[in-house]
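Take a look at the structure set out below.
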Protein chains: 2
Amino acid sequence: MTTAGSRTRKGEQTKARIVEAALELFRESGYDDTTMRAVAQNAGVSLGNAYYYFKSKEHLLHAYYARIHAAHAEAAAPALENESDLHKRLLGVLKTKLEVIEPFHRFSGLLFRTAADPKSPLNPFHEDSAPARQEGTQLFARVLEGSRVKIPKDIAQKVPHLLWVYSMGIVLFWLHDDSKDRARTHALVEQSSELVVKMIKMLSNPLLRPLRKSALKLLNEIDV
Amino acid sequence: MTTAGSRTRKGEQTKARIVEAALELFRESGYDDTTMRAVAQNAGVSLGNAYYYFKSKEHLLHAYYARIHAAHAEAAAPALENESDLHKRLLGVLKTKLEVIEPFHRFSGLLFRTAADPKSPLNPFHEDSAPARQEGTQLFARVLEGSRVKIPKDIAQKVPHLLWVYSMGIVLFWLHDDSKDRARTHALVEQSSELVVKMIKMLSNPLLRPLRKSALKLLNEIDV
DNA sequence: GTCTATAACCGGATAGAC
DNA sequence: GTCTATCCGGTTATAGAC
């Protein structure tokens, strides 16, 4: 037990060293220009050893993802405390997201290029990304819970995940945004969040019931 | 002149041979499993020679892309003749799209990898794709025109482009869809198109005016 | 069973001779 | 325009150490 424990601990340390080395190199030179050999050397391990801990180079990017998410979760927390207005809550979360990811924009081409590849483990819809997806969804569940907006029962369960997908759309837009100070994305966030909140509040309106039912049927059929 | 002409002709022939070889191999084994060496051999040229004509493996895909585009424009036309129901028109266009792209599903990894890269000319939102984007938008403008649905003036101009973006979303979903016979995407198309048509028809409803105005403001601010 | 290293493979891409 | 030879880096096979 002690042996197994220390061994495991040692393994974790090695793994951590590799991640650190990778992140540093990514930050310095971007993804493409960072070789696995350099990562291994920087971490003081052999190339094969790096592959023992990480199935592929892309898997190292998950560490990156995880950091961004952790940083975001932390940065977003204040925006969720002592605030019950749904729009402000949502806006707070989205704005902090933009703040957190901004430093990575210059590498976005390299970093996120594969993110849309269905086979890439970086893809947020990929199986390997399930934890990240779930955490993101939970964050938006919190956004909703803290507000006092009522959502029809039939669709309530779907909304957090839909909000997460919406936020992924924002990020996609951001990737393409080269406007000064990312002005277009900020406009998108402000305007679209308002729109989204309006829609959520309308969800209970009887007039929209057929629309809601259609949407629900859609979501169920495509298994989202 | 004759010499230069024949030289050019020879070059074009070689280039064409390489493209044909590539497309055949892509069709057989998919993009990833097709090596440049195999393409070169299949075309009866050396590896280096293949690279003389195509800067990279990805560049070979442009040929493919062009084919898909032309095929859809042609295939969609019949669906728009003698039909005035908006839902049926929209559904027809989307279904033919799925039919046309189906054989290429195995390429999806690469297609989207490049298509999502903000810097890739294959990206549908990229500057270089303006013609394709415009054609797509026009196609959906025709879808609307041929129906007798009335759309509020303020937003009428935006709707065709929004429908095109919507269709890009469908394609994105399709890329990730590994269900049998692409059942999930077909469900998505059928359900979402119904939903979209419902929304379009509701656009004139006074209740939704504030929502419409918000949406309009959003579209103007992000310059879509 | 956990960990680490070395050597090799493979395929995209390039250099330079002809 | 075409080739051969080579580079380069992601990935894998495998042997052995703890």
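Quick note on labels: first sequence line is chain A, next is B, and so on, each numbered from 1.
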Item checked: Stepwise side chain to side chain contact (heavy atoms under 4.5 Å, CB included) test for Asn220(A) and Lys158(A) -> CA-CA 10 Å; Asn220(A) 284 329; Lys158(A) 306 284 190 182; 3.1 Å; yes
Next item on the list: Could you check Tyr166(A) against Ser192(A) for side chain to side chain donor-acceptor pair (under 3.5 Å), going step by step and ending with a plain yes or no?
Entry: CA-CA 10 Å; Tyr166(A) 157 64; Ser192(A) 69; 2.6 Å; yes
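Residue Tyr52(B) places no side-chain N or O under 4.0 Å from the OP1 or OP2 atom of dT2(D). Within the 4.0 Å cut-off from OP1 or OP2 of dG1(D), not a single side-chain nitrogen or oxygen of Asn49(B) is found. Distances shown here put every side-chain N or O of Thr35(A) at or beyond 4.0 Å from the OP1 or OP2 atom of dC8(D). Within the 4.0 Å cut-off from OP1 or OP2 of dG12(C), not a single side-chain nitrogen or oxygen of Ser56(B) is found.
Under the 30°/60° scheme for interplanar angles, the aromatic rings of His72(A) and His69(A) are found to stand perpendicular.
Across the protein-nucleic acid pair, Arg37(A) atom CZ and dA5(C) atom P stand 15 Å apart, rounded to whole Å. Atom-to-atom, CD1 of Ile18(A) to P of dG10(D) comes out at 14 Å; the value is rounded to the nearest Å. Going from atom OH of Tyr53(B) over to atom P of dT2(D) covers 4 Å, rounded to whole Å. Between the CD atom of Glu12(B) and the P atom of dG1(D) there is a distance of 9 Å, rounded to whole Å. For the pair Arg17(B) CZ and dT2(D) C1', the computed distance is 11 Å after rounding to whole Å. Atom CZ of Arg9(B) is separated from atom P of dG1(D) by 12 Å (rounded to the nearest Å). Between the C1' atom of dT2(D) and the NZ atom of Lys15(B) lies a distance of 16 Å, rounded to the nearest Å. When rounded to the nearest whole Å, the span between CG of Asp32(B) and C1' of dG12(C) equals 12 Å.
Between Glu28(B) and Thr34(B), the closest side-chain pair of non-hydrogen atoms is not below 4.5 Å.
When the side-chain hydrogen bond (donor to acceptor under 3.5 Å, both in side chains) test is applied to Glu190(B), the partners found at least two apart in sequence or on another chain are Lys95(B). Considering only residues two or more places apart in sequence or on other chains, Thr14(B) meets the side-chain contact (heavy atoms from CB on, under 4.5 Å) condition with Arg17(B), Ile18(B), Val45(B), Asn49(B), Tyr53(B). Every residue was checked against the ring pair (Phe, Tyr, Trp, His ring centres under 6.0 Å) condition with Tyr51(A), not counting sequence neighbours, and none meets it.
Checking dG10(D), dG12(C), dG1(D) against the side-chain heavy atoms of Met36(A) singles out dG10(D) as nearest.
Screening residues 162-173 of chain A for salt bridge (charged side-chain N to carboxylate O under 4.0 Å, His left out), with sequence neighbours left out, gives no hits.
Among the protein residues, Ser46(B) comes within range of the nucleic acid bases, having at least one heavy atom under 4.0 Å from a base atom.
For the helix from dG1(C)-dC18(D) to dC18(C)-dG1(D), the terminal axes (five pairs an end, C1' atoms, rotation from four pairs onto the next four) enclose an angle of 10°, given to 10 degrees.
Among His105(B), His186(B), Glu102(B), the single residue meeting the side chain to side chain donor-acceptor pair (under 3.5 Å) criterion with Trp174(B) is Glu102(B).
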Can you name the atoms? Protein N/O to nucleotides 12-15 of chain D N/O, anything below 3.5 Å, with the distance.
none

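Atoms CD1 and CG, from Ile200(B) and Leu162(B) in turn, are 9.0 Å apart once rounded to the nearest 0.5 Å.
Checking Val45(A) against Lys57(B), the closest nucleotide of DNA chain C that is more toward the 5' end is the one next to Val45(A).
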